[in-house]
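Read the structure below first, then the notes.
Quantities reported herein were computed from a predicted structural model and do not represent experimental measurements.
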Amino acid sequence: MNTTIKHEGVISQIEGQKITVRIVQAMACGTCNVAGHCHASGGKEKTVDVYDANAVNYHVGEVVTVIADGSVGHLAVAWGFGIPLIIMLATMFLIKAFTGQDTFAALLSIATLIPYYLILYLFRNKIQRKLVFRIEK
């Protein structure tokens, strides 16, 4: 079953074919009538870069809907959290089995994340082509 993820946002910047959309993820009190005047109401603001050949058809401040396939979300979670967790656990259990030292195993398993995230950073342009977002007016 292929689902789509949709979020409403506001275009904050346009540079060539890159459109930056600001999305506010409302918390539970986001539907309250006084949420705009209440300091307790919270929301997380995110920015999404959308590449569109028709970027000239949009303007800053315009309200748009950002759309992504559900598989994009699963892929992002796997790369950001799933694979690092597997790497950490595998390293920790292997080092613990060979050395018997808990502290060394824990520290080395955390240290393995440095090259992993460095590799993700180096391949960010290639990854960006796989994580595709679309926008609609």
Side-chain angles (χ1 to χ4, degrees):
M1 184 168 110
N2 194 9
T3 60
T4 57
I5 302 167
K6 295 183 178 185
H7 287 287
E8 192 171 278
V10 178
I11 296 176
S12 61
Q13 187 176 2
I14 300 174
E15 294 177 356
Q17 292 184 347
K18 181 176 124 180
I19 303 169
T20 303
V21 180
R22 189 178 71 245
I23 298 172
V24 177
Q25 294 180 331
M27 301 300 273
C29 56
T31 58
C32 177
N33 291 333
V34 294
H37 304 289
C38 176
H39 296 289
S41 66
K44 293 182 181 178
E45 190 172 293
K46 310 260 186 205
T47 58
V48 177
D49 292 334
V50 180
Y51 293 89
D52 192 331
N54 298 320
V56 294
N57 296 333
Y58 298 97
H59 60 277
V60 174
E62 185 175 6
V63 177
V64 294
T65 303
V66 178
I67 303 168
D69 290 332
S71 61
V72 169
H74 296 298
L75 192 60
V77 169
W79 282 343
F81 301 105
I83 295 170
L85 178 65
I86 292 168
I87 291 170
M88 279 182 55
L89 290 175
T91 303
M92 186 173 63
F93 288 124
L94 286 172
I95 299 300
K96 170 74 171 138
F98 286 115
T99 66
Q101 296 181 4
D102 292 337
T103 306
F104 182 66
L107 290 174
L108 193 59
S109 67
I110 292 171
T112 60
L113 295 181
I114 295 169
Y116 175 76
Y117 283 114
L118 181 63
I119 290 168
L120 276 185
Y121 178 77
L122 293 174
F123 287 98
R124 68 187 179 277
N125 293 329
K126 189 171 185 174
I127 293 169
Q128 189 176 47
R129 288 191 289 268
K130 291 185 182 282
L131 302 176
V132 178
F133 295 96
R134 302 183 319 267
I135 59 173
E136 291 179 349
K137 290 187 179 195

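- For the atom pair CG of Leu118 and CG of Leu122, the computed distance is 4.5 Å after rounding to the nearest 0.5 Å.
- A continuous path of Ile, Leu, Val, Met, Phe, Trp and Tyr side chains, each step under 4.5 Å between heavy atoms, connects Ile110 with Leu120, placing both in one hydrophobic cluster.
- In terms of heavy-atom proximity, Val72 sits nearest to Val132 at CG2-O, 3.9 Å.
- Judged as a side chain to side chain contact (heavy atoms under 4.5 Å, CB included), and not counting sequence neighbours, the contacts of Val10 are Arg22, Val63.
- Remark: Lys137 engages Glu62 in a salt bridge (Lys or Arg N to Asp or Glu O under 4.0 Å) (not counting sequence neighbours).
- Note: Glu136 CD to Thr65 OG1 = 6.5 Å, rounded to the nearest 0.5 Å.
- In this structure Leu75 satisfies the side chain to side chain contact (heavy atoms under 4.5 Å, CB included) test together with Trp79, Lys130, Leu131, sequence neighbours excluded.
- Interatomic distance, Thr112 OG1 to Met92 CE, rounded to the nearest 0.5 Å: 10.5 Å.
- Here Ile86 sits alone; no ILVMFWY side chain lies under 4.5 Å from its own, so it joins no hydrophobic cluster.
- In terms of hydrophobic clustering, with Ile, Leu, Val, Met, Phe, Trp and Tyr side chains grouped at heavy-atom distances under 4.5 Å, Ile83 and Ile127 are assigned to a common cluster.
- Scanning both residues, Ala111 and Pro115, for their nearest heavy atoms gives O-CD, 3.2 Å.
- For Pro84 against Ala78, the heavy-atom pair with the smallest separation is CD-O, 3.9 Å.
- Separation of atoms CD1 (Ile14) and NE2 (His59) is listed at 8.0 Å; rounding is to 0.5 Å.
- Cluster partners of Val56, using a side-chain heavy-atom cutoff of under 4.5 Å among ILVMFWY residues and allowing indirect links: none.
- Taken together through direct or relayed side-chain contacts under 4.5 Å among Ile, Leu, Val, Met, Phe, Trp and Tyr, Val48 and Ile67 form parts of separate hydrophobic clusters.
- Side-chain contact check for Val21 versus Phe133: every heavy-atom pair is 4.5 Å or farther apart.
- Contact between Gly16 and Ala55 at its shortest, heavy atoms only, is O-CB, 3.3 Å.
- One distance of note links NE2 of His74 with CG of Asp69; it measures 10.5 Å at 0.5 Å rounding.
- Annotation for Phe104: hydrophobic cluster partners, listed by chain and number, are Ile95, Leu108 (ILVMFWY side-chain heavy atoms under 4.5 Å, direct or chained).
- Grouping the Ile, Leu, Val, Met, Phe, Trp and Tyr side chains by contacts below 4.5 angstrom, directly or via other members, places Met88 with Tyr117.
- Counting Ile, Leu, Val, Met, Phe, Trp and Tyr side chains that sit under 4.5 Å apart, directly or through other members, Leu94 shares a hydrophobic cluster with Phe98.
- Listed by first and then second residue, the salt bridge (charged side-chain N to carboxylate O under 4.0 Å, His left out) pairs that reach into residues 94-111 are Lys96-Asp102, sequence neighbours excluded.
- Listed by chain and residue number, nothing satisfies the side chain to side chain donor-acceptor pair (under 3.5 Å) test with Tyr116 (two or more places apart in sequence, or in another chain).
- Partners of Thr20 according to the side chain to side chain contact (heavy atoms under 4.5 Å, CB included) rule, which considers only residues two or more places apart in sequence or in another chain, are Ser12, Gln13, Lys18, Thr47, Asp49.
- With sequence neighbours excluded, no residue satisfies side chain to side chain donor-acceptor pair (under 3.5 Å) with Glu8.
- Distance CG/Asp52 to CD1/Ile19: 5.0 Å, rounded to 0.5 Å.
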